[in-house]
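A short write-up of the structure that comes next.
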There are 2 protein chains.
Amino acid sequence: MTDCFACENTNCLIKKNLKNPKIEKYIVEKHNIKCKKAQQFIMEGAPAHGLFFVRKGQVKVVKTGIYGREQIVRFAHDGEIIGHRGFGAGKNYPIGALAIKETFLCNFTNEVMVKMLRDVPELTFDMMLFYSEELNRSETKVRKFAQMTVREKVIDSFLYINRKFGQSEDGFFNIQLPRKDFADFAGTTEEQVIRIISSLKKESLLKSKGKKIGIANISLLKKEISEHNYFLDS
Amino acid sequence: MTDCFACENTNCLIKKNLKNPKIEKYIVEKHNIKCKKAQQFIMEGAPAHGLFFVRKGQVKVVKTGIYGREQIVRFAHDGEIIGHRGFGAGKNYPIGALAIKETFLCNFTNEVMVKMLRDVPELTFDMMLFYSEELNRSETKVRKFAQMTVREKVIDSFLYINRKFGQSEDGFFNIQLPRKDFADFAGTTEEQVIRIISSLKKESLLKSKGKKIGIANISLLKKEISEHNYFLDS
DNA sequence: GCTTAAAACTGTCTTTTAGCAGTTTTGAAA
DNA sequence: TTTCAAAACTGCTAAAAGACAGTTTTAAGC
């Protein structure tokens, strides 16, 4: 079993609370899971069997929407929590989750998790703040979806991907996503994404080569949406 | 000062935790506030000075959006929390809040609130679950905004208002909102809301008289959006 | 019961976006 | 290197939604 003490994900809430000796008897209950590329490890609607932490990898969180359309709720990578909403309210996961590339996960069952939270209030407090931040992000996203044009939403998605995963030296994102995924994340169609990519290329704000996409001029791209959107930060 | 022990809001998280004697020294620090109709008690962007609970009344939570458009984030009434996002992440309120009619509020400063949470882990746990549910609702709303038509979003808003505030004997909602507010909540324009109201009246799904709106046929109205939206519940 | 400003409503026009039907390109596997 | 299915792309059309300019109705105060 992987050792939390040796783990490098300092943003992980478990890692942050390791100094508390009470936590030790719970982390030995942790399960390690390895997912291949494209493998789904949370099924939407299935009974919740606990919380996942991404030890290393890339994950997308999806939700089946209206007319069977897929909505990508968020992306996650090292140290982040997945499946935190199968917790509390319902007994079933409201979302699905799948690995974008080979991913290593840590899993705690709901029982272990609840016991741990009851026993380590600092962890509960951190979890509460985590939810609070997620809520912030989500409500900002509601506003974006309610008010941005498709072009703005797509640009915003690129900026999000860039903030989250960054670009490598060749100037392309450190994550490979098909156009359809950008559409499902931005809340539009594949065709619109394609059209917007090509017009952004013409304006030298974006670069792309095959599947790969990268930002060519970040400040100008930000300006495209910041003109009228002063404080959108999620 | 109003007495939490005499309060009837059983859904209030403070009320739920009154059995814990540790909480008593914090609830004496509570402030009572009375708001007139249309009075704003949280300013968007202002430094957060604590958490509010609605003791009695009706509140709308708003956020200034793109091009100065207003987005109504949610409505709240007796027992509900307001301003919980000035907590944790930022020091400023990301939202504004104002009374729809005369409203009585309970207010705890951030310092008192944090001390209370540190001292009463059960309250922190409840707060965590509260945030989790809010997150659920918010993410469902993202999906709605991404995928529903304007007509569906407006109908969905009426159903939400009905679930939350109900109708009185005369068959109209127990809350009076101008068309503009429905538009700001549903993420569309006033004109669209008006058009949709009038077509829903023709179809005998809705009734309205002046400002007042009510649902005439709830099951048929639900059917209008449930056809393709199996599990939208927020 | 008048008066009047605000809110509700209506018709028309324009823009935006989605959907469809195809063609071209890409990149992985034989 | 060739093959071929999937992904990316393009042009066209229809539908949805927003914006504008006005008219009508409402309800609150005199």
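None of the values given here were measured: they were computed from a predicted structure. Naming convention: chains lettered A, B, ... in sequence-line order (proteins, then strands); numbering from 1 in each chain.
Taking the ring axis of B/F173 as reference, the NZ or CZ atom of B/K212 does not stay both within 45° of it and closer than 6.0 Å to the ring centre.
B/S208 and B/K201 share a donor-acceptor pair across their side chains, judged by distance under 3.5 Å alone.
Listed nucleotides: C/dT17, D/dA17, C/dT10. Nearest to the side chain of B/I194: C/dT10. The listed nucleotides are D/dA8, C/dC9, D/dT10; the one nearest the side chain of A/S198 is D/dT10. When distances are taken from the side chain of B/K211 to each of D/dA8, D/dT10, C/dA7, the shortest belongs to C/dA7.
You'll find the side chain of A/H31 stays beyond 4.5 Å of the side chain of A/C106, heavy atoms only.
Note: CZ (B/R151) to P (D/dG18) measures 15 Å, nearest angstrom. Summarising the geometry, the separation between CG on A/L206 and P on D/dC9 is reported as 11 Å, rounded to the nearest angstrom. Rounding to whole angstrom units, CD of residue A/Q147 and C1' of D/dA17 are separated by 15 Å. Taking atom CZ on A/R179 and atom C1' on C/dT26, their separation rounds to 11 Å, with Å as the unit. For A/E152 and C/dT16, the CD to C1' distance is 12 Å, given to the nearest whole Å. Counting to the nearest Å, the C1' atom of C/dA28 and the CD atom of A/Q176 are 13 Å from each other. One atom, NZ of A/K212, and another, C1' of C/dT25, lie 15 Å apart when rounded to the nearest Å. Computed from coordinates, the B/I213 CD1 to D/dT25 C1' distance equals 15 Å when rounded to whole Å.
Listed by first and then second residue, the side-chain hydrogen bond (donor to acceptor under 3.5 Å, both in side chains) pairs involving residues 186-199 of chain A amount to none (not counting sequence neighbours).
Contacts between residues 180-192 of chain B and DNA chain C, defined by a heavy-atom separation under 4.0 Å, are made by B/E190, B/E191.
The pair A/R151-A/E203 counts as a salt bridge, with a side-chain nitrogen and a carboxylate oxygen less than 4.0 angstrom apart.
Side-chain atoms of A/K144 never come within 3.5 Å of backbone atoms of A/K153 as a donor-acceptor pair (strictly under, hydrogens ignored).
You'll find a donor-acceptor pair under 3.5 Å spanning the side chain of B/R195 and the base of C/dG11, going by distance alone.
Considering A/F52, A/F130, A/Y93 as possible partners of A/H84, the one that fulfils the ring-ring contact (aromatic ring centres under 6.0 Å, His included) test is A/F130.
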